[in-house]
Amino acid sequence: MCIRDRSCTAVDWAEIEVVENFKTDYICHTRFSGRVRLGVFEDEFMLAGGMRKHSGLYHATLHNVTVGDNCCIENIKNYIANYIIGDYAFIENVDIILVDGWSKFGNGVEVAVLNETGGREVPIHDRLSAHQAYILALYRHRPELICRMKAIIDQYAEENASDTGTIGQHVTIVDAGYIKNVRIGDYCKIEGAGRLKNGSLNSNEQAPIHIGYGVVCDDFIISSGSNVEDGTMLTRCFISQACHLGHNYSASDSLFFSNCQEENGEACAIFAGPFTVTHHKSTLLIAGMFSFMNAGSGSNQSNHMYKLGPIHQGAMERGAKTTSDSYILWPARVGAFSLVMGRHVNHADTSNLPFSYLIEQQNTTYLVPGVNLRSVGTIRDAQKWPKRDKRKDPNRLDQINYNLLSPYTIQKMMKGRSILKELRKVSGETSETYSYQSAKIKNSSLNNGIRFYETAIHKFLGNSLIKRLEEVRFNSDEEIRARLIPDTEIGTGEWVDISGLIAPKSEIEKLMADIESGILTNVDQIHDRFVEMHRNYYTYEWTWAYEKMLEFYNLRSDEITAKDVIAIVKKWQEAVVGLDKMVYADAKKEFSLSAMTGFGADGSREEMEQDFEQVRGVFESNPFVTAVLQHIEAKTALGNELIERIASI
């Protein structure tokens with residue numbers, strides 16, 4: 001049967017092209033305009049509930065569209081214009097899908113991150129990593145660098161611009177509204193989206209994207225493996241790989257990098273590094289930089305002092321958390337793996353005192369340095385992040401280092417230890433409180449902080465030393481000294497955490513210099529440099545650790561002996577076991593009698609304990625507790641093995 005006999009019309013039938021073996025059996029009530037190319041319609045789609053639907057064109061209008069093989073396009077209320085549609089696409093009950101004019105599909109959109117009034121704009125693109133964005137946002141004191149990076153991104157955006165959009169293979173678009181200037185990757189699933197305008201959905205077979213009901217996105221890029229669902233609203237946002245946004249979350253001018261989970265709350269001008277998590281309706285994140293962060297319910301910040309506008313910004317370094325109803329008045333900077341409780345308005349900078357508590361009492365910020373090193377929550381977080389990495393795309397945008405102790409955090413602890421000792425020296429050992437960065441530190445907290453930091457330093461340096469000497473037989477001190485010599489000079493000096501990637505600052509400086517000089521000329525070359533830094537992390541780490549080990553233990557490289565190594569290993573064993581015992585004791589609090597409050601409703605204490613045991617289990621058999629005990633045994637044995645191996649030298 002001729003296609004014209006199936007209630008189909010065309011402005012110009014000569015503009016319709018079909019492939020070999022084309023049949024008209026499954027085309028009806030379809031209007032064609034412009035140049036249209038059609039594939040075959042031979043296969044069926046199996047839908048939920050066992051429903052089968054044959055591929056074909058039903059009640060649709062197509063203008064300048066290429067349709068791949070075995071697609072099903074049905075009930076298009078307005079039309080589809082200027083698209084290439086891949087094989088096995090399923091498009092049903094959609095209002096309109098079009099490309100209007102020349103589009104960059106979200107590439108090059110400038111996101112006014114951190115400062116709402118501008119000055120730190122990050123132009124987004126398909127290949128944007130947290131590390132590229134970090135440099136673009138924060139290195140404004142190097143205008144030539146920023147100019148070059150923006151030019152590279154502009155070039156990428158132009159190369160990927162077109163007046164024709166693409167809908168990839170095996171894409172599903174159902175019950176959607178307005179889709180304009182959107183590039184849609186393979187295996188993407190769009191269900192009930194309200195509006196998608198000027199963006200890219202970089203889905204693929206290994207890591208498909210899901211866009212759910214009521215979603216509205218303008219000027220956006222969403223990366224592979226991400227889910228944006230349930231009424232989420234995004235304006236000028238970049239969503240990196242394996243993120244989840246849902247439950248009416250709203251965000252504007254914000255960047256969300258790998259494995260972020262955002263629900264219910266609101267974000268404005270934030271730089272959300274990997275594993276930034278917020279789940280609560282009353283939580284606002286604004287004008288801040290975060291990573292590995294969990295925001296408690298009611299957490300918020302202020303970037304507006306009602307003078308020159310919302311110009312203030314802040315940073316919570318990796319692993320920092322906020323409790324319920326916490327508040328920070330920007331500008332402020334919170335050290336890595338710290339916990340913020342209460343309302344803080346004094347603009348403290350605790351970046352050199354990581355693993356601390358910031359507690360507000362009567363409008364005063366009290367700082368408890370290093371105490372989070374003994375927290376069971378901190379250790380649990382460090383263990384869960386690698387397990388919660390949902391990225392399935394083999395081409396990963398972000399290079400994420402999960403190490404709790406690294407040159408980055410240890411250098412901070414070394415500085416923190418010196419700061420605390422200097423405070424004690426200047427103010428006297430008997431002072432009740434010490435003042436630091438608009439915060440107060442109690443005497444006992446200061447002394448404990450020094451002890452916590454020293455323990456962590458022993459642990460890190462011992463870890464690095466044992467790793468360097470493992471599986472090697474030594475016959476003399478000279479052989480040990482030769483093995484200890486680093487493989488590279490890269491790694492000395494300061495280290496930085498550029499939103500998930502921990503690397504020597506010298507390598508970041510080299511990267512930036514190569515961008516400025518024109519050695520690096522495209523986004524993939526920049527990406528490859530970050531990959532190289534991440535791959536060589538442990539090589540660079542030993543260079544740093546070796547230098548600090550000599551300094552911390554007052555040793556000379558040409559005089560190190562087996563006895564020195566054994567002494568360091570014994571310090572390491574004490575540190576590891578000591579920290580594990582503190583973590584063990586902290587975990588035990590979760591099984592105390594007070595923790596059982598609310599269990600065993602209407603019953604006796606015995607019933608309360610039995611109910612608690614049924615729900616939470618027994619302390620001794622708790623998986624985390626047994627893991628801590630096993631860790632003590634394993635690390636003790638590891639140290640003893642090295643000691644035995646070199647004791648006879």
Side-chain angles (χ1 to χ4, degrees), residues 1-94 96-99 105 160 162-176 179 182-191 196 200-211 224:
M1 181 182 289
C2 175
I3 192 172
R4 304 186 198 197
D5 297 330
R6 304 187 65 84
S7 300
C8 296
T9 62
V11 173
D12 184 354
W13 287 106
E15 289 287 295
I16 313 301
E17 298 180 16
V18 298
V19 298
E20 192 177 352
N21 301 322
F22 174 82
K23 296 179 181 179
T24 63
D25 298 10
Y26 298 99
I27 301 176
C28 65
H29 293 92
T30 300
R31 291 178 288 178
F32 301 103
S33 172
R35 191 170 185 182
V36 176
R37 298 186 180 95
L38 302 178
V40 298
F41 303 102
E42 297 173 341
D43 285 355
E44 290 184 329
F45 290 85
M46 175 64 77
L47 307 182
M51 172 74 179
R52 290 181 178 272
K53 186 166 287 190
H54 203 284
S55 58
L57 304 176
Y58 314 99
H59 301 278
T61 299
L62 307 180
H63 173 73
N64 290 338
V65 173
T66 296
V67 180
D69 292 338
N70 299 304
C71 294
C72 180
I73 301 176
E74 182 176 19
N75 295 336
I76 308 303
K77 297 173 188 174
N78 279 297
Y79 58 88
I80 300 175
N82 306 315
Y83 266 91
I84 297 172
I85 301 173
D87 300 341
Y88 292 93
F90 187 91
I91 304 174
E92 183 180 66
N93 298 334
V94 175
I96 189 169
I97 305 174
L98 80 154
V99 171
F105 305 102
N160 287 273
S162 176
D163 58 1
T164 302
T166 55
I167 296 173
Q169 299 183 15
H170 296 272
V171 167
T172 299
I173 306 175
V174 295
D175 302 325
I179 300 176
V182 178
R183 181 175 284 157
I184 302 170
D186 296 346
Y187 290 83
C188 184
K189 192 168 188 177
I190 301 172
E191 298 179 293
L196 303 174
S200 290
L201 299 170
N202 295 322
S203 180
N204 58 48
E205 183 176 2
Q206 294 90 350
I209 289 172
H210 181 255
I211 306 296
S224 59

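The chain is numbered in sequence order, starting from 1. Excluded from the calculations below are hydrogen atoms, water molecules and symmetry mates; all remaining heavy atoms, backbone and side chain alike, are included.
Residues I91 and I76 have side chains in contact (heavy-atom distance under 4.5 Å, counting atoms from C-beta outward). Using a 4.5 Å cut-off on side-chain heavy atoms (C-beta onward), Q169 and D186 make contact. No side-chain heavy atom of H54 sits under 4.5 Å from any side-chain heavy atom of D25. Put simply, the side chain of I167 reaches to within 4.5 Å of the side chain of I97, judged on heavy atoms.
With rounding to the nearest 0.5 Å, the separation of OH in Y83 from OG1 in T66 is 13.5 Å. Taking CD1 from I209 and CG from N202, the interatomic distance works out to 6.0 Å, rounded to the nearest 0.5 Å. Summarising the geometry, atom CD1 belonging to I73 is positioned 4.0 Å from atom CD1 belonging to I85; distances are rounded to the nearest 0.5 Å. Note that OG1 of T61 is 8.5 Å distant from CG of N78, once rounded to the nearest 0.5 Å. Here K189 contributes atom NZ and L201 contributes atom CG; the two are 15.0 Å apart, rounded to the nearest 0.5 Å. Atom CZ of residue R31 and atom OG of residue S7 lie 12.0 Å apart, to the nearest 0.5 angstrom.
Remark: the backbone N or O of C8 is not paired with any side-chain donor or acceptor of T30 at under 3.5 angstrom. Side chain of S162 to backbone of T164: a donor-acceptor contact under 3.5 angstrom is found.
A pairwise comparison of heavy atoms in C71 and S55 identifies O-CB, 3.2 Å as the closest pair. Taking each heavy atom of C188 and S203 in turn, the nearest pair found is N-OG, 3.3 Å.
Summarising the local packing, NZ of K23 is surrounded by 12 or fewer heavy atoms from other residues, nucleotides or ligands at distances under 6.0 Å.
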Q: Mind running ring pair (Phe, Tyr, Trp, His ring centres under 6.0 Å) on Y79 and H63 for me, showing each step along the way?
A: CA-CA 7 Å; Y79 58 88; H63 173 73; 7.5 Å; no
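There is no side-chain donor-acceptor pair under 3.5 Å between D87 and N70.
Residues satisfying the side chain to side chain contact (heavy atoms under 4.5 Å, CB included) test with A207, not counting sequence neighbours, are N204, S224, K392, D393. Annotation: salt bridge (charged side-chain N to carboxylate O under 4.0 Å, His left out) contacts of K77 (sequence neighbours excluded): none.
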Would you mind writing out the side-chain donor-acceptor pairs for residues 34-51 within the sub-3.5 Å range, not counting sequence neighbours?
| from | atom 1 | to | atom 2 | distance (Å) |
| --- | --- | --- | --- | --- |
| R35 | NE | E17 | OE2 | 3.2 |
| R35 | NH2 | E17 | OE2 | 2.8 |
| R37 | NE | E17 | OE1 | 3.4 |
| D43 | OD2 | Y88 | OH | 2.5 |
| E44 | OE1 | R52 | NH1 | 3.4 |

